[in-house]
Amino acid sequence: MRDPQIKEFNQRLKRIDRIHRSGGGFEAAGTLGQSHYTRMRRRAGRPVLRPALAILFGVVLFKAISSASMGNADYVAQVETMRAGGVGEKVAAFVMAPDPISATLAEWMAPLFS
């Protein structure tokens with residue numbers, strides 16, 4: 001004779017196997033199980049600050065290289081010429097305006113372009 005609870009037991013085993021195949025299961029407290037790695041992956045998200053700082057650094061470096069290669073007077077004259085142009089050139093002139101960081105970097109790089 002067959003036990004009536006065997007069907008329920010087999011269903012439970014199938015459910016546990018399905019959970020284990022998908023990466024779940026029992027994890028003791030304080031251990032690094034599957035949930036630790038998936039939680040870290042989910043929590044990381046998309047970094048916003050790092051790419052923004054990289055772009056900012058790239059712009060400052062480009063301004064310093066441009067100023068060092070053209071000379072400070074010619075660079076300022078070129079920015080002033082852009083300020084007299086259209087909307088796009090005015091935006092570019094605002095971005096490319098000399099600042100203390102790019103001016104200092106340009107002074108350090110000037111001997112490389114002499």
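No experiment lies behind these values; they were computed from the predicted model shown.
Between the NZ atom in Lys14 and the CD1 atom in Ile16 there is a gap of 13.0 Å [rounded to 0.5 Å]. Here Asn10 contributes atom CG and Gln5 contributes atom CD; the two are 12.0 Å apart, rounded to the nearest 0.5 Å. Note that the OG atom of Ser66 and the CG atom of Asp74 stand 12.0 Å from one another [nearest 0.5 Å]. Here the straight-line distance linking atom CZ of Arg83 with atom CD of Gln78 works out to 12.0 Å at 0.5 Å rounding.
Contact detail for Gly85 and Glu89: the closest heavy-atom pair is CA-OE1, 2.8 Å. Minimum interatomic distance between Ala68 and Ala106 (heavy atoms only, all atoms of both residues): CB-O, 3.6 Å. Between Pro98 and Val76, the shortest heavy-atom distance links the atoms CG-CG2, 4.0 Å. Across every non-hydrogen atom of Lys63 and Ala97, the tightest pair is NZ-O, 2.9 Å.
Side-chain contact between Ser102 and Leu105 is absent, with no heavy atoms from C-beta onward closer than 4.5 Å. Residues Met109 and Leu61 meet the side-chain proximity criterion, which asks for heavy atoms closer than 4.5 Å. For the pair Tyr75 and Met96, the minimum side-chain heavy-atom distance is below 4.5 Å. For the pair Lys90/Met82, no side-chain contact is recorded, criterion being any heavy-atom separation below 4.5 Å from C-beta on. Counting heavy atoms from C-beta on, the side chains of Ile65 and Phe113 come closer than 4.5 Å.
Within a 6.0 Å sphere centred on CZ of Phe94, other residues, nucleotides and ligands contribute 12 heavy atoms or fewer. Surrounding CD1 of Ile101 are at most 12 heavy atoms belonging to other residues, nucleotides or ligands under 6.0 Å away.
Trp108 is connected to Val60 through a chain of hydrophobic side-chain contacts under 4.5 Å among Ile, Leu, Val, Met, Phe, Trp and Tyr, so both are in one cluster.
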